[in-house]
Amino acid sequence: MKTRDRLRIAMQKSGRLTEPALELLKRCGLTFRQSRDKLFCFGEGEPVDLLLVRDDDIPGLIAQGVCDLGIVGRNVLDEYRLTAGRDDAAPLAEWRELGFGRCRLSIAVQQEMDYQGPQQLAGLRIATSYPGLLGEWLRTNGVDASVVTLAGSVEIAPKLGTADLICDLVQSGGTLVANQLRETDVLLESEAVLAGPKALPTDERGDLIELLLKRLDGVIQVRESRLLLLQTSRHTLDAVVRLLPGGPQPTLLPVAGQPDQLMLQALCAGEVSWRELEEIKKAGAREMFVLPVEKMLA
Ligand code: ATP
Ligand code: ZN
């Protein structure tokens with residue numbers, strides 16, 4: 001088989017992950033010419049193309065070597081790892097967490113059930129689209145329940161009488177409430193990940209993947225960085241600095257006409273909460289600003 005010299009990334013054609021995934025790739029400097037059938041998008045700048053598919057097909061496409069990388073929910077990736085046949089499929093890895101598409105795979109019971117713990121599920125029927133992940137959880141908990149595999153509309157199964165409870169993805173919990181269900185156990189915390197083979201290709205595509213991972217790290221780091229600006233007097237400086245959330249050493253600047261005052265500038269590695277700001281203020285800071293970071297080249 002002729003090896004490809006262009007990198008191919010699989011992502012969801014239309015769904016929750018589509019827009020954020022395209023946005024992320026754009027921030028990594030990748031642009032695409034949309035082809036007419038919209039299954040394949042040719043990369044214009046870098047030799048990186050897109051394959052737009054159903055999210056469930058993404059792990060298989062990578063395992064078979066049709067695509068080199070994929071943007072897919074951890075729930076789909078882990079389910080594939082647990083259920084796919086082992087023949088000729090390359091083992092897959094999570095290369096990066098991407099910070100969108102967050103949800104959890106949870107057990108939800110009917111609201112009126114007096115749920116005490118997994119043991120109570122013995123003998124009951126559980127509807128799910130994730131038989132692999134659910135089966136593993138049941139085994140871990142030593143529970144013998146029957147798994148009813150459904151492709152969709154899992155949440156209405158108890159009402160229809162085809163199952164006693166469900167195991168499904170939950171984000172806000174609104175769908176559960178609307179169906180008189182109550183979340184009890186979380187089996188998996190999920191978000192979109194960059195998936196790929198455990199072993200990177202040894203040709204040009206391996207170099208391209210490394211380049212892409214470096215850009216991705218920059219994009220993710222900037223997205224999570226905040227610039228904190230504040231004023232403090234020299235005698236409260238130490239107390240203020242001690243409370244700064246993570247990141248490199250702060251920069252100190254003099255304030256014109258106020259020799260006792262300093263302006264402090266610090267890069268923080270994540271969200272700065274109101275509580276943290278209030279604590280820093282109590283220690284002597286004033287005029288505090290938290291700014292998002294647009295681009296960063298260290
Ligand atoms: P298709 O199979 O056609 O690609 P889908 O219906 O399986 O689409 P979406 O509903 O778009 O897929 O969900 C894609 C992914 O988004 C899920 O696998 C999951 O990782 C994530 N996700 C985040 N929140 C939710 C949620 N509330 N319900 C379902 N998926 C969610
Ligand atoms: Zn799907």
Side-chain angles (χ1 to χ4, degrees), residues 8-25 32 34-35 37-41 49-64 66-67 69-84 89 92-109 126-137 147-159 163 165-196 216 220 223:
R8 201 178 284 163
I9 304 178
M11 57 165 272
Q12 196 183 20
K13 180 174 172 138
S14 113
R16 293 169 206 261
L17 305 182
T18 308
E19 279 314 313
L22 280 174
E23 174 64 26
L24 183 68
L25 294 175
F32 303 94
Q34 198 113 21
S35 75
D37 63 350
K38 288 175 123 192
L39 173 68
F40 186 82
C41 294
D49 306 321
L50 281 188
L51 205 60
L52 301 179
V53 294
R54 287 200 53 200
D55 65 345
D56 315 72
D57 295 336
I58 293 174
L61 288 168
I62 305 168
Q64 292 149 22
V66 177
C67 292
L69 296 172
I71 296 178
V72 67
R74 175 179 296 137
N75 50 305
V76 172
L77 180 64
D78 286 2
E79 179 67 18
Y80 176 86
R81 285 160 148 175
L82 288 168
T83 51
L92 302 182
E94 240 181 56
W95 281 96
R96 291 295 184 275
E97 297 182 333
L98 302 177
F100 58 86
R102 283 186 208 277
C103 58
R104 47 198 191 273
L105 183 68
S106 293
I107 297 285
V109 302
I126 313 177
T128 190
S129 306
Y130 296 87
L133 286 161
L134 173 58
E136 192 192 39
W137 183 79
V147 175
V148 181
T149 305
L150 300 178
S153 304
V154 168
E155 68 281 359
I156 60 168
K159 225 181 276 171
L165 64 144
I166 68 168
C167 166
D168 203 6
L169 296 177
V170 183
Q171 197 179 35
S172 64
T175 310
L176 294 184
V177 172
N179 289 283
Q180 286 93 50
L181 296 167
R182 183 162 57 90
E183 185 177 2
T184 55
D185 302 79
V186 177
L187 279 60
L188 178 77
E189 296 279 356
S190 184
E191 66 184 278
V193 300
L194 183 73
L216 202 54
I220 292 170
R223 192 172 60 193

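Predicted, not measured: the structure shown is a model, and the values here were computed from it. Keep in mind that the numbers below use all heavy atoms, side chains included, and drop hydrogens, waters and symmetry copies. Just follow the structure's listing: the first ligand is 1, and inside any ligand the first atom is 1.
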#### Entry: Exam field: side chain Glu79 to backbone Gly132, donor-acceptor pair closer than 3.5 Å
yes

### Message
Donor-acceptor check, side chain of Ser190 to backbone of Arg74, threshold 3.5 angstrom: yes or no?
### Response
yes

### Query
Is the side chain of Glu94 donor-acceptor paired with the backbone N or O of Val193 at a distance under 3.5 Å, no angle test?
no

### Task
Compare every heavy atom of Leu133 with every heavy atom of Leu187, then report the nearest pair and how far apart it is.
CD2-O, 4.1 Å

#### Entry: Side chain Glu191, main chain Gly99, donor-acceptor under 3.5 Å
yes

### Message
Under 4.0 Å between a side-chain nitrogen and a carboxylate oxygen: does that hold for Arg104 and Glu189?
### Response
no

### Query
If we only count heavy atoms from C-beta on, is the Val170 to Thr175 side-chain gap below 4.5 Å?
no

### Task
For ligand 1, list the protein residues that place a heavy atom within a distance below 4.0 Å of one of its atoms, sorted by chain and number.
Gln12, Gly15, Arg16, Leu17, Arg54, Asp55, Asp56, Gly73, Asn75, Val76, Gly101, Arg102, Cys103, Leu169, Gln171

### Message
With 2.8 Å as the limit, count the protein N, O or S atoms near the Zn ion (ligand 2).
### Response
2

### Task
Would you give the length of the straight line joining atom CG of Leu77 to atom CD1 of Ile58, rounded to the nearest 0.5 angstrom?
10.0 Å

### Query
Regarding Glu183 and Ser106, is there a side-chain donor-to-acceptor distance under 3.5 Å anywhere?
yes

